[in-house]
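Let me begin by presenting the structure, written as structure tokens, before commenting on it.
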Amino acid sequence: MSLSFTAEELRFRDEVRAFIAARLSPELRRASSLNVSFFSDPDIVAPWQRALHERGWVAPGWPREHGGPGWTATQRWIFESECAAAGTPQLSPMGIKMIGPVLMRFGTSEQKKFYLPRILSGEDRWCQGYSEPGSGSDLASLNTRAVRQGDHYVVNGTKIWTTHAHFANRMFALVRTSDEPRQQDGISFLLIDMASPGITIRPIMMISGDHDVNQVFFDEVEVPVTNLVGEEGRGWTCGKYLLEFERGGGVNSPKLRYALEKVRGLANSGLSYKAIMLQEIATKLSEIELDVQTLEFLELQVLSALQRGENPGPVSSVLKLRASEIHQAISRVGVEMVGQNALVEETRRPLHALKDRPLIPEEVLSVVPRHLNGRANTIFGGSSEIQRDIIAKQVLGL
Amino acid sequence: MSLSFTAEELRFRDEVRAFIAARLSPELRRASSLNVSFFSDPDIVAPWQRALHERGWVAPGWPREHGGPGWTATQRWIFESECAAAGTPQLSPMGIKMIGPVLMRFGTSEQKKFYLPRILSGEDRWCQGYSEPGSGSDLASLNTRAVRQGDHYVVNGTKIWTTHAHFANRMFALVRTSDEPRQQDGISFLLIDMASPGITIRPIMMISGDHDVNQVFFDEVEVPVTNLVGEEGRGWTCGKYLLEFERGGGVNSPKLRYALEKVRGLANSGLSYKAIMLQEIATKLSEIELDVQTLEFLELQVLSALQRGENPGPVSSVLKLRASEIHQAISRVGVEMVGQNALVEETRRPLHALKDRPLIPEEVLSVVPRHLNGRANTIFGGSSEIQRDIIAKQVLGL
Amino acid sequence: MDLTPSEAQQMLRHSAQRFIAERCEPTARRHAMQDPMGFKRENWRKFADLGWLGLPFPEEVGGFGGGPVEVGILMEEFGRGLATEPYLSTVLLAGALVAECGTEEQQKGLLPAIINGERLLSFAHYESDARAGLSEVHTVAQRDSHGWTLYGRKIAVLDAVAADVHLVSARLPGAQGAGLALFLVPKDAAGVTLRDAPRLGGGRVAELTFDHARLVPDARLGTGADVLPTVQSIVDRAIVALSAEAAGMMRSMFDATLDYTKVRKQFGRPLAANQVIRHRLADMYVECEEARAMAARAALLVAADIDSTQRSLAASGAKVKIGRCARNVAEQAVQLHGAMGVTDELDLGLYFKRLLVFEALFGSVDHHLQRHAELFGNSRAE
Amino acid sequence: MDLTPSEAQQMLRHSAQRFIAERCEPTARRHAMQDPMGFKRENWRKFADLGWLGLPFPEEVGGFGGGPVEVGILMEEFGRGLATEPYLSTVLLAGALVAECGTEEQQKGLLPAIINGERLLSFAHYESDARAGLSEVHTVAQRDSHGWTLYGRKIAVLDAVAADVHLVSARLPGAQGAGLALFLVPKDAAGVTLRDAPRLGGGRVAELTFDHARLVPDARLGTGADVLPTVQSIVDRAIVALSAEAAGMMRSMFDATLDYTKVRKQFGRPLAANQVIRHRLADMYVECEEARAMAARAALLVAADIDSTQRSLAASGAKVKIGRCARNVAEQAVQLHGAMGVTDELDLGLYFKRLLVFEALFGSVDHHLQRHAELFGNSRAE
């Protein structure tokens with residue numbers, strides 16, 4: 001057992017560092033650092049994705065045959081760590097980590113050939129149509145209907161919490177194609193062109209003032225039958241596969257470390273009245289540091305199992321649970337440190353494009369919105385309560 | 001609204017203080033201070049109860065007609081506070097606060113005339129026969145049977161967690177006298193002479209080494225029918241009344257304050273390496289102090305409602321929940337403060353009667369056993385989980 | 001010892017509840033929050049009509065002689081309804097300082113106008129390099145034959161945009177050494193710059209810059225004593241009042257959550273059917289009760305004749321205990337609302353943000369915990 | 001980067017698991033705990049036979065050249081079975097100090113006898129007025145022509161009653177100033193008094209008093225350098241080893257609780273049917289995994305070639321993180337066992353007490369958190 005990287009791995013790390021140093025402009029770095037949402041704004045993502053695409057590094061987890069770099073698990077770890085440490089923009093996972101893997105597994109060869117390259121190039125921007133107003137944690141109870149008429153499905157209903165629907169040109173969605181005794185059995189997986197007539201988008205504002213999520217309405221929207229992924233009525237299988245990917249596929253500790261370093265930087269600066277001098281702040285930062293170290297090691301254990309070709313098992317719920325809690329702890333201590341500067345509410349977005357000087361320094365400006373948006377960490381993508389249910393059931397066999 | 005005592009109340013407080021100063025000997029105070037169990041040992045209690053009995057102060061909550069002092073709620077509060085602050089021995093609640101009130105409410109006049117004075121004098125020492133090995137939180141499922149044969153019930157079965165059964169000469173018990181569709185309906189409330197043939201007591205040792213609780217076995221034990229309290233089959237009503245008393249009747253904050261003051265004394269002494277100098281200890285003590293203040297005010301609100309003749313409602317679960325948690329917080333910080341002196345395990349009892357000098361100072365000796373016994377605070381008398389169930393149901397209407 | 005509210009106290013609560021129900025229902029509140037001043041002037045006039053603006057002032061100057069308990073009752077109801085009127089800044093901070101430190105003339109000139117709702121004041125004290133200690137003031141006031149000149153910058157000035165007069169703390173260089181003084185600065189005084197922004201969860205907040213700001217000779221509040229102890233006392237009282245407000249906000253968040261979890265269904269049954277959620281609601285309920293108890297206790301103590309250490313202990317204690325409870329109730333309320341909880345479509349987020357303001361105002365929970373530990377240790381050691 | 005255990009590491013774990021299953025099942029363990037020495041000597045011989053007593057020593061002195069990772073594997077299994085053998089005191093503390101500081105002669109004289117199980121050592125360092133800092137030593141050793149004389153008192157000496165030799169830290173007055181030295185004190189040396197007591201959750205603990213205790217000239221360990229840095233290093237390594245042991249204990253408590261809540265019925269269904277209990281078990285499971293990860297991480301780091309700051313950070317970090325997790329798992333395990341959990345009828349209480357010992361040994365969790373914050377801040381500032 002060893003925590004050290006091999007010489008080869010160290011060479012790879014240097015290569016990644018050199019790439020980032022060359023391609024991440026100071027403007028892009030600043031804009032990315034001022035991003036307060038879950039995902040970076042498209043205008044930040046686009047130039048960075050172009051740079052990665054030129055190098056073939058857009059989708060670290062994809063196999064070579066589909067345009068991935070064919071990296072080992074350790075290489076992927078190194079890449080994610082270096083990107084996080086440098087504060088690069090975060091590419092939307094909805095194409096690369098969600099629909100991409102689903103298509104590789106369940107898609108027809110036409111679907112793969114058409115969609116996968118467009119994900120890598122950034123030509124397609126995807127959103128996810130899962131939750132509905134009455135079906136949040138209880139996803140299988142969804143009600144959006146797709147009725148087959150000739151070579152089209154006609155879709156009626158509504159999806160909610162649709163992140164970046166207002167930027168996306170495509171949606172993958174779970175829809176009900178029949179009523180079966182077991183709710184899961186009547187669900188199908190459809191790819192929907194967001195330009196289709198009959199789609200309207202209602203923005204949902206976050207308490208921070210951000211516009212990330214939306215409600216999407218479908219009124220007699222026609223979707224070609226060729227846009228069905230997998231078999232009709234078997235969409236739940238694709239959906240579950242994707243959810244597993246959403247929960248477990250992520251490597252979170254490097255991003256948490258980046259967030260923690262930012263807060264630590266604040267603690268060491270006059271912007272927080274040098275809060276690090278206070279024992280309670282210094283020890284809180286140490287406690288969070290230890291939580292990040294622990295999560296990091298748990299993630300490395302998963303990676304090590306993957307590298308050996310083993311299945312790491314249902315550990316993804318553990319990782320999601322802890323990552324979301326740590327994320328909130330980081331943003332919370334940030335708010336504590338900035339004192340009465342937390343009183344100022346800045347709802348204009350994006351922060352990096354503000355023209356006038358805000359009332360509080362730029363480094364402080366993102367602290368409160370990040371904390372507010374961070375409340376969603378333990379809710380979106382399977383709430384902490386759902387994760388504990390899963391651990392009790394799947395890990396502990398209860 | 002006012003938190004201040006009236007002149008009359010202040011005079012009463014002085015009277016109580018003078019009494020304690022006169023009657024609480026240094027030996028008794030030391031022995032009481034070294035007591036680590038829930039209840040004081042009988043050899044500590046007896047002399048103190050005699051002193052109180054001479055003055056008519058054994059049962060602060062009892063009405064005058066039954067030998068109580070007829071105090072107002074505020075006077076009771078003052079009395080409890082002063083006793084706790086002085087560290088007097090704690091009289092067993094099982095006679096005074098449990099069976100006494102039940103007999104006043106449900107007993108025959110013969111029962112009242114016979115038993116109540118013997119509670120006050122200390123001639124009778126009671127224990128409670130409620131829980132059974134298969135019936136803890138789910139009390140109504142109890143199985144100990146009492147079958148009527150002529151003018152006797154014949155009791156068979158077993159009770160567990162019977163505090164001080166080995167010191168008691170009487171037990172009040174819930175027994176099953178018939179099988180009804182609703183389990184509660186077949187239960188009766190019996191008074192059992194512990195000297196009856198067929199009773200055996202098995203000690204149950206605590207993890208601290210203390211012997212407080214027991215399992216009691218009944219093998220064809222004869223109990224006169226005159227020892228039935230209330231109607232046959234209606235024992236659940238008496239039992240519930242008593243549980244309400246057990247949970248809500250208590251005033252806890254003065255005892256918690258006494259425990260906290262002891263720990264604070266330790267923190268200010270060399271025995272904890274003057275732990276108060278450490279910010280984390282000083283702030284922990286402040287946090288607990290604030291918790292005690294809050295509980296105290298909640299208890300005073302209840303008292304104020306009682307004084308107005310109002311029913312304070314189902315608040316007793318809130319008080320029990322918080323008091324037990326605060327108790328544990330106090331004992332825990334004690335253990336943290338004594339450092340490596342916590343390594344020494346002293347299981348001999350009672351601590352005040354140890355003949356040889358123990359390996360660690362006397363003031364430190366009780367810290368770990370108190371912490372170990374304190375784990376039962378959130379379990380006995382209705383676990384914290386049960387209290388939260390009750391709050392959700394009875395207070396929140398869920 | 002009697003914790004029964006008096007009839008007058010009950011009436012005060014009822015009138016506050018009526019006001020909140022009528023004028024702070026969600027639509028009206030959102031509307032008020034959009035106002036450039038952060039509140040509606042007609043509500044302020046209503047405050048005056050109801051006698052609230054004079055509540056804590058002595059009867060000699062036209063007030064009603066109410067104390068911390070009465071102020072707590074008002075603030076708790078303001079919290080429940082998330083009122084955005086500048087009661088804290090005009091009445092409880094600046095107004096109280098005028099009443100405590102002002103000359104008779106200054107009191108007569110200002111207090112009646114505050115009480116009848118004509119004039120609004122702000123209290124400008126904190127500076128950008130001060131953490132929470134009230135003595136960290138670098139703004140300087142220089143005396144000359146024409147009056148005073150002020151130099152410095154104040155941050156986190158509550159509701160300054162609506163104020164007619166800013167009450168500004170400053171140091172006096174020279175003879176008086178470490179002493180702190182307060183100055184009445186008209187909003188349109190030369191050399192005063194105001195930069196205003198929305199405040200988290202409602203109301204406004206500003207930065208005030210004094211660059212060679214010229215003031216008349218009697219702009220100084222009072223007769224020359226160091227005002228720091230009074231500022232400390234008024235801020236402690238403000239913390240106690242804010243504690244009651246926080247307890248009210250918590251209760252509203254709890255009630256909303258209780259209702260939501262009863263109605264919202266997942267997996268075919270209400271959320272509140274889940275034991276985990278039931279227990280969490282039980283804990284939130286306990287915390288709401290604890291917060292309310294602690295706010296009432298602090299108000300009663302401050303209302304009684306206690307020394308400054310006991311007063312500071314009561315204020316810091318309330319801030320810590322209620323701060324802890326508030327954080328958990330606020331976070332759990334959002335969590336139990338699920339995705340809806342993080343959107344601006346409910347009012348929950350406004351309460352969440354206002355409770356962050358409670359945490360941030362006048363020193364963090366950790367600051368007050370440390371202060372409590374120090375004062376408590378000291379007071380025990382005596 | 002590869003976290004797969006080697007085959008040798010897997011074999012070591014299996015042999016430890018076999019030992020625990022055979023010789024540390026509950027009855028045997030209770031029996032061993034009643035022994036006046038706190039453990040069974042035949043088990044110690046078995047330790048020798050299995051090569052565990054030589055595990056961390058270099059091959060030159062007859063050891064097996066194992067490192068912190070291998071020690072961690074043993075300790076984790078010891079923790080699972082709550083073994084009471086004095087492995088920590090004899091091998092990981094005193095033995096390691098002899099190996100690090102002893103002269104070649106001292107090493108040759110002691111290490112083989114430790115490795116073959118013939119001799120036991122204790123490490124006597126802490127004193128009654130020392131909190132956790134390892135430099136707070138007041139015991140004094142005076143040199144004269146006949147050898148050394150020792151004055152002082154040591155507390156919390158683990159397993160001293162079974163030791164043949166005590167390794168005692170002392171200050172040297174005079175020329176050498178602040179330096180710390182270690183002395184080999186035979187158990188029957190004149191002027192040495194041992195008072196022994198049971199240790200919480202198994203094993204023994206003693207107080208050693210040295211009143212004019214006479215020692216031979218070569219009783220001093222090593223060649224004269226200040227041993228404080230080495231003591232610091234060995235204690236850090238001991239903390240890392242104890243962390244693995246704690247992770248093992250936590251897992252056993254968790255397993256027992258999981259089993260109990262599946263079987264125990266209340267209100268007609270298993271306890272584990274309650275969502276509140278299921279979620280709590282989920283959290284306990286996560287904490288067990290976290291503790292195990294953190295113990296493994298610390299062992300791997302200390303095994304690698306890191307500087308003393310990084311080593312101390314790893315040790316303090318493990319103590320803090322595992323201390324927090326252990327407390328919660330231990331408390332919840334007792335709580336979920338209900339009344340049974342607080343009785344001595346189960347072994348749960350023994351684990352609970354041994355985890356208290358883990359918390360108390362070598363400085364509290366708070367102490368190590370503070371130490372981590374200081375070292376981490378410093379190391380970042382460089």
Next on the checklist: Any non-hydrogen side-chain atom of C:Phe352 less than 4.5 Å from a side-chain atom of A:His371?
Outcome noted: yes
Checklist entry - Do you know which of A:Glu346, A:Gln340, A:Arg388 has the most heavy-atom pairs under 4.5 Å to chain C? => result A:Gln340
Checklist entry - So how far is it from C:Asp344 CG to A:Asp210 CG, rounded to the nearest 0.5 Å? => result 11.0 Å
Next on the checklist: Let's test your reading of the structure: which of C:Gly338, C:Gly341, C:Gly363 forms the most heavy-atom pairs below 4.5 Å with chain A?
Outcome noted: C:Gly338
Item to check | Heavy-atom pair count under 4.5 Å with chain A, highest-scoring of C:Ile277, C:Val205, C:Leu350, C:Leu369 | outcome: C:Val205
Next on the checklist: Looking at C:Gln266, is its backbone amide N or carbonyl O close enough to the side chain of A:Asp138 to form a donor-acceptor pair, meaning the two atoms are under 3.5 Å apart?
Outcome noted: no
Next on the checklist: Less than 4.5 Å to any heavy atom of chain A: does that hold for the side chain of C:Arg354, its backbone, both, or neither?
Outcome noted: neither
Checklist outcome for this item: For A:Ala376 and C:Val342 the tightest heavy-atom approach is N-CG1, 3.8 Å
Checklist entry - Can a salt bridge be assigned to the pair C:Arg327 and A:Glu336 using a cut-off of 4.0 Å between side-chain N and carboxylate O? => result yes
Item to check | Side chain, backbone, both or neither of A:Ser141 within contact of chain C (heavy atoms, under 4.5 Å) | outcome: neither
Next on the checklist: Could you check whether any side-chain heavy atom of C:Tyr351 comes within less than 4.5 Å of a side-chain heavy atom of A:Ile207, counting everything from C-beta outward?
Outcome noted: no
Checklist entry - Using non-hydrogen atoms only, which part of A:Val368 is less than 4.5 Å away from chain C: side chain, backbone, both, or neither? => result side chain
Checklist entry - Which region of C:Leu348, side chain (C-beta onward) or backbone (N, CA, C, O), has a non-hydrogen atom less than 4.5 Å from a non-hydrogen atom of chain A, or is it both or neither? => result neither
Checklist entry - When only pairs under 4.5 Å are counted, which of A:Met337, A:Met205, A:Arg332 shares the most heavy-atom pairs with chain C? => result A:Arg332
Checklist entry - OG of A:Ser135 to CZ of C:Phe267: how many Å apart, nearest 0.5 Å? => result 9.5 Å
Checklist outcome for this item: Given A:Asp212, A:Leu278, A:Asn341, the one with more heavy-atom pairs under 4.5 angstrom with chain C than any other is A:Leu278
Item to check | Backbone N/O of A:Gly134 and side chain of C:Lys265: donor-acceptor pair under 3.5 Å | outcome: no
Item to check | Note: C:Arg204-A:Glu345 ion pair, threshold 4.0 Å (strictly below) | outcome: no
Item to check | Pairwise side-chain contact, A:Leu343 with C:Ile155, heavy-atom cut-off 4.5 Å (strictly under) | outcome: no
Checklist entry - chain C heavy atoms under 4.5 Å from A:Ala275: which part of the residue, side chain, backbone, both or neither? => result both
Item to check | Proximity breakdown for A:Pro203 and chain C, heavy-atom pairs closer than 4.5 Å | outcome: backbone
Checklist entry - Would you say the side chain of C:Glu331 lies within less than 4.5 Å of the side chain of A:Gln328, judging by non-hydrogen atoms? => result no
Checklist entry - Is the closest side-chain donor-acceptor distance between C:Gln335 and A:Glu385 under 3.5 Å? => result yes
Next on the checklist: What's the separation between atom CD in C:Glu136 and atom OH in A:Tyr273, rounded to the nearest 0.5 Å?
Outcome noted: 9.0 Å
Next on the checklist: I need the residue from C:Gly349, C:Ala360, C:Ala339, C:Ser364 with the largest number of non-hydrogen atom pairs under 4.5 Å to chain A.
Outcome noted: C:Ala339
Checklist entry - Ion pair present between C:Asp366 and A:Lys284, side-chain N to carboxylate O less than 4.0 angstrom? => result yes
Checklist entry - chain A: which of C:Glu207, C:Glu345, C:Gln370 shares the most heavy-atom pairs with it under 4.5 Å? => result C:Glu345
